[in-house]
Amino acid sequence: MALLKKNVWLIFYILGVCATLLFASISYLKYKNISFHYQNAQENIVEIVSNATYSLFDTHERLMDIIGVSILQNEHHLYESHKIEHHARPLLDNPTLGAFGVTKPNGEFIYASTDPNPKNLQSLLSIPESRDSFLETLTNPKMTFGRTYFSPSANLWGMPLRKTLRDPQGNPVAVMTALLRSNIIYDNIISTVKNKENLIIFVVRDRDLYFQYHSQANHVNKVIYDTPLSSAFIDTVYENASKHYHLSSSTLRENERIVSFIYEDSKGEKYLTSLKFNNTYQLWVVSHTQLKTVMNDFLQTFIVYFVFYLGFGTLFFFLFKMIATAEEKRRKDLVYQATHDPLTALPNRNYLQQRVTSKIDAKEATFSLLYIDMDHFKNINDSFGHQFGDYVLIEIAHRLNAVCSKDTIVTRYGGDEFIIVAPLAEHDVLMHFAASLIEALSKPYHVHDLVFSVGASVGIALCPYHGRDLDTLLRSADIALYESKKIKNTAHIFADTMQEGFLKNIQIEQALRSAISNGELFLVYQPQVDKEGTLYGIEALARWKNPTLGMVPPDCFIPLAETVGLMPQLGKFILETACFEIKPLQECCCYDFKLSINISVRQFMEPSFYAHLLTTIEASKMSNLALTLEITENLFIEDIHYLIPLLQQIRALGIEISMDDFGTGYSSLSMLKKLPIDELKIDKSFIDGIQNDEMAQKMVQNIITIGKNFGMRILAEGVETQEQKALLLAFGCDYFQGYYFSKPLAQKELEQFLRTCF
Ligand code: C2E
Ligand code: CA
Ligand code: CA
């Protein structure tokens with residue numbers, strides 16, 4: 001079946017050739033069969049006609065012998081018409097007889113059955129048509145034939161049979177002529193034959209090849225009976241007898257063999273001819289059927305066969321066409337499936353491979369490859385299930401197609417990664433194009449009643465500058481993407497300098513994967529104080545000391561952990577370590593000071609986050625009321641409809657929420673109203689400029705006013721000087737954190753620090 005599907009048309013052609021050969025063979029056999037049938041029938045007719053002719057002539061010869069004997073017994077009867085008539089009565093009563101006459105050896109009539117006055121009739125020797133045969137009769141002891149002619153006195157076409165009466169010395173005394181009705185017997189014989197209208201039968205005498213009888217002579221008697229058959233005919237007979245039957249002319253004649261062959265007359269008309277020689281009377285009995293008739297008969301069968309052949313051929317053609325069409329469609333579907341992503345209907349990486357390779361092979365002008373990675377896309381899948389994620393991916397595909405022109409290839413490379421191949425090479429144009437892509441992708445996504453926001457980072461590589469094959473181009477674009485990912489929602493074109501940073505990051509990434517299990521990670525704690533300078537709480541800050549890389553700052557490894565998916569694991573470590581390290585210290589000083597823990601976006605969006613928080617609190621016996629979770633504004637570019645209930649759930653436990661780095665991110669002040677937040681942390685960047693920068697002062701004052709309006713606690717971080725503290729105090733800030741009070745402290749240092757406090 002598989003073979004059939006693969007070679008549908010080949011098989012069809014083979015079957016077609018076989019069917020045609022079969023059709024041709026069957027047709028040929030049928031033709032042979034029909035022509036054999038005709039030949040057989042015709043040979044039978046020749047046999048019948050030959051026998052009938054013989055017995056007719058033989059009967060007449062015998063009758064004439066009897067009449068002759070009875071006349072000769074009384075020779076004087078020869079001169080009395082009525083006596084002759086009396087003797088000839090048996091013959092005259094024969095219906096085949098047209099007329100009977102007796103002449104003298106000089107041809108003058110003594111008796112004529114058709115004329116009471118025979119003396120008036122012309123002498124047979126004076127008639128050119130009868131002269132020859134009459135003279136022959138005088139010398140021939142057997143019965144002879146005159147040429148078939150029209151007898152006006154008998155008013156019929158007749159064939160004269162002559163027999164000479166001789167005296168005992170053998171001298172001719174008279175000649176008897178019996179005029180046979182030329183057609184009566186043959187019509188009787190032939191009327192029994194089927195298809196007689198197509199059959200031509202004639203009897204020709206061998207002597208001069210005049211027709212004694214011709215079945216078609218009814219219409220054109222004179223011409224036929226006055227024209228001898230061409231001697232070429234007899235030559236053809238001998239030739240065919242020798243060629244097809246291996247018979248010599250004498251054997252053919254003496255043995256009276258029937259032969260059949262194709263004869264072509266002088267006009268080019270072909271006949272199926274059968275014949276036999278009658279040796280007794282030296283006559284050829286011939287039957288002709290026009291080859292056209294055989295062909296017509298064959299054609300009737302052939303047309304039926306041909307209709308079947310054509311009908312089945314057409315049927316099979318359509319059947320095979322159907323199979324071929326279905327197969328072609330299946331093949332196209334398979335190719336489509338192999339080269340397209342079923343979800344978004346965008347071409348996939350196989351397609352990309354083919355197209356880029358052919359572009360490179362064709363040495364097409366410079367083109368660019370844009371590697372797009374959606375920022376925080378995983379959160380959508382994790383939080384709302386893959387169905388939601390799928391909707392967003394489909395929408396992303398629509399947006400990409402809408403932005404890209406026809407000569408640009410848009411493919412889904414996998415997950416939330418898309419690759420665009422564009423015929424663009426200029427940096428400005430490319431960056432503009434990338435910006436339009438990011439803009440389109442960053443617009444909110446509406447799925448059911450929910451609204452999502454996801455950003456997109458783009459890395460760009462140019463062919464051939466950044467790679468001459470797809471793998472190198474992808475690698476270069478990926479490195480540029482890595483650069484963009486650090487900032488998010490941006491695009492970068494690959495530059496050689498990125499390679500180094502990228503490799504470094506790869507190295508860090510690999511080291512980070514084993515950092516927790518190797519005990520390279522630990523926490524430090526930075527105190528937070530109130531207006532009076534009394535310890536209010538501490539912020540846990542992660543540290544990583546690697547034997548090769550040395551101290552790696554959290555600004556570097558935290559975003560890296562987020563990008564490479566290590567954050568859930570790292571976050572769990574931080575939460576657990578902080579709770580388990582601080583709880584004993586709180587117990588020591590009998591004071592549940594606040595413990596602030598930074599929660600990254602990824603960590604917070606992790607579906608298991610809440611459950612893990614509960615287990616850790618329970619296990620460490622940490623008081624809910626002493627715990628503050630620091631989240632950043634960036635969290636709110638994720639789905640706010642998912643976040644708010646989660647925040648409320650956490651707050652319901654008594655755990656407080658602090659908004660870290662406030663003022664640097666996306667959230668507007670008006671959004672604050674909607675958020676369940678207990679504390680605002682004014683970002684260090686505002687505190688840095690607070691003494692000299694009026695704008696910064698205004699900003700800090702506004703934050704404090706609005707925060708207070710919403711009933712929030714205000715904490716300033718990065719306070720390094722007494723002046724900064726004094727100003728913040730004057731603006732109404734409640735809590736402070738910074739080097740001015742204390743640097744982040746290791747667990748042991750914190751223990752000492754606490755001792756000085758309590
Ligand atoms: P952040 O949460 O804003 O943390 C405050 C950062 O300001 C800390 O830097 C702290 O050492 C620094 N800092 C505090 N007071 C002063 C000051 O007076 N002067 C100066 N120059 N710096 C001061 P650090 O520890 O390097 O952390 C950097 C950032 O790394 C953090 O910013 C936070 O976003 C992230 N991070 C650190 N530890 C963790 C953690 O455990 N979990 C998460 N998710 N992020 C963390
Ligand atoms: Ca913080
Ligand atoms: Ca901060």
Side-chain angles (χ1 to χ4, degrees), residues 486 488 512 515-516 520-529 536-545 550-563 565-582 594-606 609 612-613 616 627-635 656-665 677-691 713-725 727-728 733 735-747 749-750 753:
K486 287 183 190 164
K488 304 252 153 66
L512 186 62
I516 302 176
E520 292 168 17
L521 284 162
F522 60 97
L523 296 184
V524 292
Y525 303 94
Q526 188 174 31
Q528 298 165 336
V529 298
Y536 167 75
I538 51 167
E539 181 184 359
L541 295 161
R543 292 291 176 264
W544 176 26
K545 190 175 179 191
M551 285 299 291
V552 183
D555 289 336
C556 167
F557 72 81
I558 297 282
L560 182 67
E562 290 228 347
T563 324
L566 283 171
M567 204 53 222
Q569 195 192 349
L570 187 58
K572 280 180 185 171
F573 168 80
I574 293 166
L575 186 67
E576 287 168 16
T577 314
C579 290
F580 281 98
E581 281 186 352
I582 298 308
K594 287 265 180 191
L595 166 63
S596 281
I597 300 173
N598 293 288
I599 307 294
S600 83
V601 176
R602 271 290 134 88
Q603 193 184 351
F604 201 82
M605 298 299 288
E606 193 65 21
F609 171 73
H612 178 251
L613 178 68
T616 313
L627 209 57
T628 302
L629 301 185
E630 291 191 14
I631 55 173
T632 63
E633 283 177 290
N634 289 349
L635 186 65
E656 292 194 328
I657 306 294
S658 173
M659 173 72 91
D660 203 358
D661 304 340
F662 189 74
T664 58
I677 285 178
D678 303 282
E679 181 185 85
L680 274 192
K681 284 185 91 167
I682 309 171
D683 191 65
K684 183 178 170 294
S685 56
F686 298 111
I687 311 299
D688 286 345
I690 199 169
Q691 278 167 278
R713 197 166 63 228
I714 313 292
L715 189 148
E717 65 177 346
V719 183
E720 292 184 345
T721 64
Q722 156 64 30
E723 290 75 21
Q724 286 170 343
K725 188 211 160 184
L727 259 178
L728 287 163
C733 182
Y735 299 95
F736 308 90
Q737 180 184 345
Y739 291 176
Y740 176 67
F741 306 98
S742 169
K743 287 207 164 184
L745 306 168
Q747 196 203 7
E749 293 168 332
L750 179 65
F753 179 85

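Indexing begins at 1, ligand by ligand and atom by atom, following the structure's order.
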Going by the atom numbers of ligand 1, which of them fall below 4.0 Å from some non-hydrogen atom of [X]?
X	value
Glu717	3 (O), 5 (C)
Asp661	3 (O)
Ser600	44 (N)

At less than 3.0 Å, would any N/O/S atom of [X], backbone or side chain, sit next to the Ca ion (ligand 2)?
X	result
Glu630	yes
Asn598	yes
Asp660	yes

Are the side chains of [Y] and [X] in contact, using a 4.5 Å heavy-atom criterion?
X	Y	result
Glu717	Ile687	no
Lys743	Glu749	no
Val719	Tyr735	no
Leu521	Phe557	yes
Met659	Lys681	no

Does anything in residues 565-577 form a side-chain hydrogen bond (donor to acceptor under 3.5 Å, both in side chains)? List the pairs, not counting sequence neighbours.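 Matches after skipping sequence neighbours: Glu576-His612.
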So, are Lys594 and Glu539 salt-bridged, with charged N and O less than 4.0 Å apart?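 Salt bridge absent between Lys594 and Glu539.
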Modelled atom types, side-chain donor and acceptor of Gln724 and Tyr740, under 3.5 Å: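 Not at all, the side chains of Gln724 and Tyr740 share no donor-acceptor pair under 3.5 Å.
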Check: Ser600/Glu562 side-chain N/O donor and acceptor closer than 3.5 Å: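 Yes, a side-chain donor-acceptor pair sits under 3.5 Å.
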For ligand 1, find out whether one of its N or O atoms is nearer than 3.5 Å to an N or O atom of Pro744.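 The answer is no, given that Pro744 and ligand 1 share no N or O pair closer than 3.5 Å.
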Polar proximity ligand 1 side, Glu720 side, N/O cut 3.5 Å exclusive: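 By distance alone, the answer is yes.
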Taking a cutoff of less than 4.0 Å between a non-hydrogen atom of the residue and any ligand atom, is [X] in contact with ligand 1?
X	result
Glu539	yes
Gln737	no
Arg543	yes

When you measure from [atom] to each heavy atom in [options], which option holds the nearest one?
atom	options	value
atom 4 (O) of ligand 1	Asp683, Leu541, Ile687	Leu541
atom 16 (C) of ligand 1	Phe557, Tyr740, Tyr739, Trp544	Tyr739
atom 15 (N) of ligand 1	Gln528, Gln526, Gln724, Lys684	Gln526
atom 29 (C) of ligand 1	Thr577, Asp555, Leu629, Leu523	Asp555
atom 41 (O) of ligand 1	Asp660, Ile599, Ile574, Thr721	Ile574

Qualifying residues under ring pair (Phe, Tyr, Trp, His ring centres under 6.0 Å), relative to Tyr525, sequence neighbours excluded: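 Applying ring pair (Phe, Tyr, Trp, His ring centres under 6.0 Å) to Tyr525 gives none.
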State the atom name: nearest N, O or S atom of Glu539 to the Ca ion (ligand 2).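 In Glu539, the heteroatom (N, O or S) nearest the Ca ion (ligand 2) is OE2.
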